[in-house]
Amino acid sequence: MDLVHDLLVLLHILGMAAIVGSAVFVARGRVTPALLWGARAQVVTGILLAGLVSAGDDPVDTTKLGVKLVVAVAVTACVEIANGGRRRGKGERARLVTAAGVLAVLNTAVAVLW
Ligand code: HEM
């Protein structure tokens with residue numbers, strides 16, 4: 001179970017890197033596959049990690065996890081709406097991509113500083 005947990009944490013951190021790297025540092029304002037799949041991966045790996053951590057003996061901060069879930073869903077919504085607009089030829093919706101990057105940085109701060 002430790003290996004599963006550690007692999008999930010690895011995927012979770014790579015997902016964060018994909019979102020922040022793409023939206024904040026590399027492809028500002030543009031939807032990329034890294035951004036799209038990173039956002040989806042964060043919700044999935046985050047929920048799996050929350051389940052694993054809750055099944056352990058240590059106390060879990062459910063408020064923190066709830067905040068992270070809400071922020072992660074907002075990140076995914078921004079990216080999916082921006083991607084939908086791009087596919088229908090309605091432009092890049094750069095502000096939504098920027099919002100997704102900023103929210104992912106916020107969730108990283110929540111993960112590390114809370
Ligand atoms: C954009 C979305 C997210 C980002 C950027 C993000 C970022 C991070 C980072 C950087 C860590 C490592 C922190 C550390 O080890 O000190 C972490 C850990 C964690 N995250 Fe997330 N996260 C996101 C979404 C979520 C969601 C939706 C959940 C579940 C509700 C979640 C649950 C967790 C848990 C349980 C850990 C601790 C893993 C452990 O050390 O056992 N995360 N997150």
Side-chain angles (χ1 to χ4, degrees):
M1 225 42 175
D2 270 2
L3 178 66
V4 176
H5 170 268
D6 293 351
L7 287 176
L8 278 174
V9 172
L10 175 65
L11 288 176
H12 200 61
I13 288 177
L14 290 176
M16 179 275 289
I19 303 171
V20 176
S22 182
V24 179
F25 294 115
V26 180
R28 285 188 202 161
R30 267 194 305 120
V31 179
T32 63
L35 177 61
L36 199 53
W37 288 103
R40 292 168 179 164
Q42 283 315 83
V43 176
V44 175
T45 56
I47 288 173
L48 290 175
L49 271 174
L52 270 186
V53 171
S54 306
D57 294 331
D58 295 332
V60 178
D61 190 338
T62 47
T63 313
K64 172 179 168 175
L65 290 181
V67 168
K68 286 193 71 183
L69 182 59
V70 169
V71 174
V73 168
V75 170
T76 312
C78 288
V79 176
E80 295 288 357
I81 294 168
N83 188 47
R86 182 186 61 83
R87 284 171 50 153
R88 283 194 297 275
K90 291 187 178 167
E92 286 286 350
R93 305 198 187 193
R95 282 187 188 167
L96 281 177
V97 175
T98 305
V102 170
L103 287 170
V105 171
L106 172 69
N107 240 9
T108 307
V110 169
V112 175
L113 303 176
W114 184 312

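Each ligand, and each atom within it, is numbered from 1 in the order the structure gives. Counting begins at 1 with the first residue of the sequence.
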Closest to atom 28 (C) of ligand 1 by heavy-atom distance, out of Ala41, Ala17, Gly46, is Gly46
of all protein heavy atoms, closest to atom 25 (C) of ligand 1 is His12 CE1, 3.4 Å
Among all the protein's heavy atoms, is there at least one whose distance to atom 18 (C) of ligand 1 comes out below 4.0 Å? yes
Starting at CZ of Arg30, measure out to OG of Ser22 and round the result to the nearest 0.5 Å. 7.5 Å
Is it true that Leu52 and Leu10 fall in one hydrophobic cluster, defined by side-chain heavy atoms closer than 4.5 Å? no
Looking only at protein heavy atoms, what sits closest to atom 11 (C) of ligand 1 is Ala111 CB, 3.7 Å
Under the 4.0 Å line, does any protein heavy atom show up next to atom 15 (O) of ligand 1? no
Mind checking whether Leu65 contacts ligand 1 via backbone (N, CA, C, O), side chain (CB onward), both or neither, at a 4.0 Å heavy-atom cut-off? both
Grouping I, L, V, M, F, W and Y whenever their side-chain heavy atoms are under 4.5 Å apart, do Val75 and Leu36 come out in a common cluster? yes
What are the two closest heavy atoms between Leu11 and Gln42, and how far apart are they? O-OE1, 4.1 Å
Would a 4.5 Å heavy-atom cut-off, applied to side chains only, mark Arg28 and Val97 as touching? no
Closest approach of any protein heavy atom to atom 41 (O) of ligand 1, naming residue and atom: His5 NE2, 2.6 Å
Out of Thr108, Leu48, Asn107, whose heavy atom is nearest to atom 1 (C) of ligand 1? Asn107
Atom 36 (C) of ligand 1: closest protein heavy atom, distance to 0.1 Å, is Leu49 CD1, 4.2 Å
How close do Thr76 and Ala39 get, heavy atom to heavy atom, and via which atoms? OG1-O, 3.5 Å
Could you tell me if the side chain of Val73 sits less than 4.5 Å from the side chain of Val70, heavy atoms only? no
Below 4.0 angstrom from a heavy atom of Val53, which ligand 1 atoms are there? Numbered from 1 as shown, please. 41 (O)
Considering the heavy atoms of Ala104, write down every atom of ligand 1 situated less than 4.0 Å from one of them. 5 (C)
Is there side-chain contact between Val71 and Val110, with at least one heavy-atom pair below 4.5 Å? no
Among protein heavy atoms, which lies nearest atom 4 (C) of ligand 1, and at what distance? Gln42 NE2, 3.3 Å
Under 2.8 Å from atom 21 (Fe) of ligand 1 - does any N, O or S atom of Lys68 fall there? yes
Could you tell me whether the side chain of Asp58 reaches within less than 4.5 Å of the side chain of Val53, counting heavy atoms only? no
